[in-house]
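As a basis for the values below, the full set of heavy atoms in this structure was taken, side chains included, without hydrogen atoms, waters or symmetry mates.
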Amino acid sequence: MSRFFATGSDSESESSSEEEQVVRAPPTTFTFSDDEEDTKRVVRSAKEKRYEELTNNIKQIRNFKKIKDMSSMLNSFEELMRAYQKALPVIIKEENGMTPKFYLRCLVEVEDFINEMWEDREGRKNMSKNNSKSLASLRQKLRKYNKDFEEELAKFRENPDLGDEDEEQPKEVEEDSEEEALGPAVFKKGPSEGSASETKSAKPSGGDDDEGSDDSIDWGSDSESSTESSDDEGQYTSIRERFLKKGWRRGMGDGKVRSGHSILKRVYCKERLFSSKNISTIIFKFSLLQEKPKMFAKDAEIDMNLVLKKLSEIVAARGKKRTDRREQIELLHELAAVADTHHLGPAINIKIKLAIISAIFDYNPKVSDAMKPEYWAKLLERISETLDLLVATGDIQIGENIPEEGEVFDKPPYRVRACVLTIVERLDEEFTKLLKECDPHSNEYVQRLTDEKRVCSIIDKVQTFLEKSGVPSDLCRIYLRKVEHLYYKFDPSVIKQKKGELEPGTITSIQVMDKLCKYIYDKDITDRLRTRAILAHVYHHALHDNWFQGRDLILMSHLQEVIHHSDPSTQILYNRTMAHLGLCAFRHSNIKDAHNCLVDLMMTGKTKELLAQGLMPQRQHERSKEQEKVEKQRQMPFHMHINLELIECVYLVSAMLIEIPYMAAHEFDARRRMISKTFYQQLRSSERQSLVGPPESMREHVVAASKAMRNGNWSACADYIINEKMNAKVWDLFYEADKVRAMLIRLIKEESLRTYLFTYSHVYASISMATLSEMFQLDKFVIHSIVSKMIINEELMASLDDPSQTVVMHRSEPSRLQSLALQLADKVINLVDSNERIFEMKQGNFFQRGGIQGTFRQNYNRPGQDWGRLRRDRVEQTR
């Protein structure tokens, strides 16, 4: 007997085993069929029961996923695996061995969620110990479990929406709950989810009868789900309206329009259940689903107030949680077309176009990410159209100081509340983000870089518009934007103008920069714009070999004293300016100035970071993720980079030309100081090597040249510095590289001569200037000039004999033994001083108590007595 009718017999139900002891129910009084209305019989197929168990587990997993309860999610996933194992025979029978799409979707969602949680290290640190342990276990089990579904998951990931058309939802035909939708991955409520759902499950799932025959519907007519199914027209109407409403909202509102076959199939299922409408009604409903909502009513009179009201409604949805950004842009475009069709005036068109530009800016949810290329193209078009309309409309005022109540759209002078300058600044920032996201060595970067011409034309249009209003603060901002697109670009016409090869009156980038920067110097009231303008101006001068103008401007501004108070982007610009100023000084043979400009950059060893051209690998926990993200946002685009190897080579060569003669002149000086620490380290590391091979890298070439110069061998030094490898790496990057190489050879000869005289002056009693001229291939008057300067500066103890053209050495410098004795005396003095200080520190308490030594100390340290000098004099007398 069925388990629904318990009796007092000894027979057991079919679902019980023979060993089970059945608890018998009390005898029930049988009633007539009229009294059975309160007892509802629920007959479900095996497929329905197994699928219901799966969907309930999936729903629990999604609920736990929302609250990130990893422990409960692990338990639910284990139950889901067991439920799927139980449902496997039904799946093999009903689905022909294919895994149901909703189950694959659940596995994909859980896998993506687990991967996202695993990659979020900060989030994992904040997890509880139980959740963290459950996350690791769930990740391991999921990866192992998904290996059985690799091929099906891969196909599903390729086209996840394709499964929705063929996906056989177990509750789709039976239920009419609020969870029904046309979107992907929506699972219906099971019988345990609500009171109504229990009764709705009485309808067959179609496991035995795929077509859902009329007999099966009539058989289940006792349940509440099918009560008065064909006669209750009001219920049918509400379901139809609800279905159409959901179809529009979920099927098309988010831009994911479903295929016609899928929508027709679902509408047809509804019609089979609730009515016997013909196919024309189904096609009509499908057309309703695809039809867009009307912007205005059919008989509405389109005027300015109505358009403004609709514009405020669309803009009011901006930034809300469930606002579809793409749909908002489309509605604004449609509204602009309506306003243009009815000729409502240029002011309202400008207002709508500005709203479209703001909506395109807002389309990207993350501010740090770059804009998509298609929306970038739309943005350029909309801004260009708006500015053209703005320039063409003569009598219009636009600004942030205009209140919304004071806007005028119907008659000139028009007044619109907006800020064109902010739009251009945001456009420039988005352009920089796009460049930084591209691979700098790809064609995509070059193609994206061509958009700079359009960006600069937009800046020129805004400049033309703002020059009409004449507001100094706005003009300073737009001028600075133009300066920042111009200062790092080399203009060959400037060099030609210097040589007199251009016609008089030709305007070059130097004149343009001079005009824009001087206006900012005069009118700007904020220090930041003036500082950036000065740095950009100096950079442009240095780029075009205007050494004296750039040097004077940077010295008069005193920026090196206050730059550490500026924002990071301005400090980066300062570093870039000093780098180019050093290169300019090097090209002008000002070696000391070049070294001084580059020494602050090179001493830290973080040149790449200081110039914002990349990040150096750091130790663990030295830089957090947030800091790294901020520093990456500050990086310069690739086309604005300065060659780091060029900067390092110029710095090392400058240090060589300064340091090697200084080391030769102060060989036995114990107080000799290091001029360039970086160069000194390179030299010392090379000397420590037991076996030194031929130079390969740029640094090794400079070190080898330094050793040759130290011996006075200028030709070997020049060969190490100037050769094919160094030309390709460094010197060919200069404009007019041949002049730079000729200048470098001349400096090497002169400094090698000075080093030779410092090193070997104690060997000679006199030396002929003709011999020196022949050795170093310099003119006699150059030799005479160098030797005279050395004698005047007391670097060389010698005199010039003009009749014989010789240099006579005086041998007044100490011998090697005398130099070592002086060094020893200095070290002894330092040792005595340090010992006395240590002794005073140890006996400090006794001195404070006023003992005998304390009294001696008071007498010894009388004011006016320079005991240190007396002590040194005593040591000198002893020596």
Side-chain angles (χ1 to χ4, degrees), residues 476 479-480 482-500 502 504 506-566 569-602 610-611 640 642 646-647 650-651 653-655 657-658 675 734-736 739-740 743 747:
C476 287
Y479 282 170
L480 185 64
K482 190 168 184 179
V483 163
E484 289 181 345
H485 278 276
L486 185 63
Y487 79 95
Y488 62 89
K489 295 175 182 174
F490 181 76
D491 187 5
S493 60
V494 176
I495 307 297
K496 293 179 181 178
Q497 194 175 46
K498 284 183 182 180
K499 297 177 180 178
L502 287 182
T506 305
I507 297 177
T508 61
S509 61
I510 288 288
Q511 282 82 21
V512 176
M513 285 285 295
D514 198 52
K515 175 187 173 184
L516 298 177
C517 291
K518 284 183 177 178
Y519 185 89
I520 297 175
Y521 301 156
D522 187 30
K523 302 294 183 181
D524 179 51
I525 58 175
T526 64
D527 290 336
R528 184 178 183 274
L529 297 185
R530 186 184 297 109
T531 301
R532 292 188 68 85
I534 291 172
L535 293 174
H537 203 180
V538 173
Y539 189 108
H540 201 66
H541 277 310
L543 193 62
H544 295 90
D545 279 346
N546 294 334
W547 157 247
F548 295 104
Q549 292 91 327
R551 183 199 63 182
D552 295 344
L553 187 56
I554 197 74
L555 291 177
M556 286 190 297
S557 64
H558 298 283
L559 286 179
Q560 57 271 27
E561 300 170 6
V562 296
I563 194 63
H564 55 278
H565 296 299
S566 302
S569 60
T570 306
Q571 293 183 25
I572 290 169
L573 180 58
Y574 174 79
N575 294 336
R576 288 166 52 79
T577 301
M578 294 307 295
H580 257 291
L581 200 60
L583 296 177
C584 180
F586 183 79
R587 291 193 295 268
H588 279 261
S589 306
N590 298 319
I591 302 302
K592 288 185 179 180
D593 292 325
H595 181 269
N596 293 335
C597 289
L598 298 175
V599 67
D600 291 334
L601 283 174
M602 303 304 300
L610 292 175
L611 296 176
M640 298 175 67
I642 306 172
L646 173 65
I647 296 174
V650 168
Y651 168 74
V653 170
S654 302
L657 295 173
I658 298 172
I675 298 175
F734 281 110
Y735 184 76
E736 296 181 343
K739 289 185 178 180
V740 175
M743 175 271 300
L747 290 176

Spatial distance of atom CD1 (Ile507) from atom CD (Gln497) [nearest 0.5 Å]: 10.0 Å
Take a 6.0 Å sphere around NZ of Lys496 and say whether it holds more than 12 heavy atoms from other residues, nucleotides or ligands. no
Just verifying a value: how many Å separate Lys592 NZ and Ile675 CD1, rounded to the nearest 0.5 Å? 8.0 Å
Leu516 and Lys482, any side-chain heavy atoms less than 4.5 Å apart: yes
Between His544 and Phe490, ring centroids under 6.0 Å: yes
Output yes when Arg587 and Glu736 qualify as a salt bridge under the 4.0 Å nitrogen-oxygen rule, no when they do not. no
Counting only heavy atoms not in Lys515 (residues, nucleotides, ligands), do more than 12 fall under 6.0 Å from its NZ? no
For Asn590, check side-chain hydrogen bond (donor to acceptor under 3.5 Å, both in side chains) against everything at least two apart and list the hits. none
Is any side-chain heavy atom of Val483 less than 4.5 Å from a side-chain heavy atom of His540? no
Do Arg530 and Ile525 have side-chain heavy atoms sitting under 4.5 Å apart? no
Does the distance from a Lys or Arg side-chain N to an Asp or Glu carboxylate O, for Lys518 and Asp522, drop under 4.0 Å? no
Any idea how His595 and Tyr651 line up, ring-wise: parallel (<30°), tilted (30 to 60°), or perpendicular (>60°)? parallel
Calculate, to the nearest 0.5 Å, the distance between atoms CZ and OH belonging to Arg576 and Tyr487 respectively. 4.0 Å
Electrostatic pair Arg551:Asp593 at N-O distance under 4.0 angstrom: no
Looking only at non-hydrogen atoms, find the nearest pair between Ala594 and Ser654 and report the distance. CB-OG, 4.1 Å
Roughly how far apart are Leu573 CG and Leu535 CG, rounded to 0.5 Å? 4.5 Å
